[in-house]
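By convention in this document, chain letters (A, B, ...) are assigned in the order of the sequence lines, proteins followed by strands, and residues within each chain are numbered from 1.
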Amino acid sequence: MVLNQFLILGAALFAMGVYGLLVRRNIVLILLSVELMLNAVNINLIAFESFLVTSQALGQVFAIFVITVAAAEVGIGLAIVLMIFRNRKSANVDDLSLMRW
Amino acid sequence: MTFADWISEPVNWFFLAFGLVVLFCGFRVVTAKNVVHAALYLVGALAGTAALFLLLSAEFVAWVLVLVYIGAVIVLFLFGIMITRAPTGLDEGLDSEQKALPALLSAAVFVMMAWASIDAFGTELITSTGSPTATELLGQSLLGRFVIPFEIVGFILLAALVGGITVARRDLTPAEEEERSAV
């Protein structure tokens with residue numbers, strides 16, 4: 001296996017995440033795109049770990065940290081979305097223009 | 001290294017199969033017109049990623065991904081989708097009308113990153129496949145050198161959970177509070 005096949009796959013996934021982040025209007029779908037980008041980073045970390053073979057499995061440790069922080073992000077993000085939906089009856093970012101100049 | 005050399009390795013067939021699944025599902029996550037379908041396609045993308053981790057001999061992380069993401073995070077997402085679904089059709093107007101500029105930007109991001117990695121690593125091979133990384137090594141690393149980040153990340157998770165409950169909890173209206181105290 002070539003290292004680059006994983007890196008390019010990760011880059012493609014990350015680019016898709018960027019596209020979704022910019023195009024989507026629904027907040028839940030934006031969070032889904034963020035998950036896609038975090039996943040791309042995980043692929044890179046694991047591929048580099050397999051490439052370099054560190055004595056302490058550093059890449060895998062960092063991937064576990066990324067997964068943990070992503071779980072925390074989803075939890076708090078969806079709580080905020082729930083609160084916004086309850087107050088504004090919409091989960092659409094275009095409707096949240098109260099603080100826009 | 002030519003493409004014929006590359007494709008003759010059986011492990012690359014699996015990479016191609018799982019990689020294409022990941023790419024297709026990832027593409028559908030950002031283009032699907034139905035919110036629930038987008039979340040379910042993310043399951044496919046994550047399952048393909050877990051399979052790739054198995055190819056890269058990272059077994060523990062692969063199963064953590066399956067348990068935490070597919071088991072918990074996706075359920076949370078589906079829960080969020082069900083709750084925030086507006087009474088009238090939300091499925092139209094899911095995307096912004098301006099699609100050309102984001103597509104151009106993400107293509108530029110992809111080209112830049114792919115060029116950088118090809119420039120840096122060329123056709124360097126991953127040699128250490130076959131035997132899985134010992135979970136013991138991961139555990140010793142997590143509770144040895146990385147014990148402080150490990151504790152911090154645990155604390156972050158706890159704070160996020162408490163914060164999520166506090167934010168999402170519905171405050172009682174004054175009338176309801178009166179009703180409660182009357183009982």
Taking atom [atom1] as the centre, does [X] end up with more than 12 heavy-atom neighbours from other residues, nucleotides or ligands that are less than 6.0 angstrom away?
X	atom1	answer
Phe121(B)	CZ	yes
Phe110(B)	CZ	yes
Phe65(A)	CZ	yes
Phe62(A)	CZ	no

Interface moiety of [X] toward chain B, non-hydrogen atoms closer than 4.5 Å:
X	result
Leu78(A)	side chain
Leu29(A)	side chain
Met16(A)	both

Could you tell me which of [options] has the largest number of non-hydrogen atom pairs under 4.5 Å with chain A?
options	value
Tyr69(B), Phe150(B), Phe27(B)	Tyr69(B)
Ile118(B), Leu46(B), Leu104(B)	Ile118(B)
Pro149(B), Gly144(B), Gly80(B)	Pro149(B)
Gly154(B), Ala116(B), Ala32(B)	Ala32(B)
Ile156(B), Leu76(B), Leu161(B)	Leu76(B)
Val111(B), Ile165(B), Val22(B), Thr31(B)	Thr31(B)

Checking Arg86(A) now: which residues fulfil salt bridge (charged side-chain N to carboxylate O under 4.0 Å, His left out) with it, not counting sequence neighbours?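 Counting only residues at least two positions away or on another chain, Arg86(A) forms no salt bridge (charged side-chain N to carboxylate O under 4.0 Å, His left out).
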
Please classify the contact between [X] and chain A as side chain, backbone, both or neither, with a heavy-atom cut-off of under 4.5 Å.
X	answer
Glu9(B)	side chain
Leu105(B)	side chain
Phe146(B)	both
Val68(B)	side chain
Gln98(B)	backbone

Would a single hydrophobic cluster contain both [Y] and [X], if residues Ile, Leu, Val, Met, Phe, Trp and Tyr are joined by side-chain heavy-atom contacts under 4.5 Å?
X	Y	value
Leu20(B)	Leu55(B)	no
Leu16(B)	Leu13(A)	yes
Val69(A)	Val74(A)	yes

Output yes when Asp95(B) and Lys33(B) qualify as a salt bridge under the 4.0 Å nitrogen-oxygen rule, no when they do not.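 The answer is yes: the pair qualifies as a salt bridge.
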
Contact leader toward chain B among [options], where contacts are heavy-atom pairs under 4.5 Å:
options	result
Ala40(A), Gly17(A), Ser33(A), Ala12(A)	Ala12(A)
Ile8(A), Ile46(A), Leu82(A), Asp94(A)	Ile46(A)
Asn39(A), Leu31(A), Val81(A)	Asn39(A)
Asn42(A), Val23(A), Leu52(A), Ile76(A)	Val23(A)

Can you sort out the partners of Gln5(A) under side chain to side chain donor-acceptor pair (under 3.5 Å), two or more places apart, ordered by chain and number?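 Per chain and number, Gln5(A) pairs via side chain to side chain donor-acceptor pair (under 3.5 Å) with Trp6(B), Asn12(B).
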
Would you name the heavy atoms of Ala70(A) and Leu38(A) that are closest together and state the gap between them?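 So the two residues come closest at CB-CD1, 3.6 Å.
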
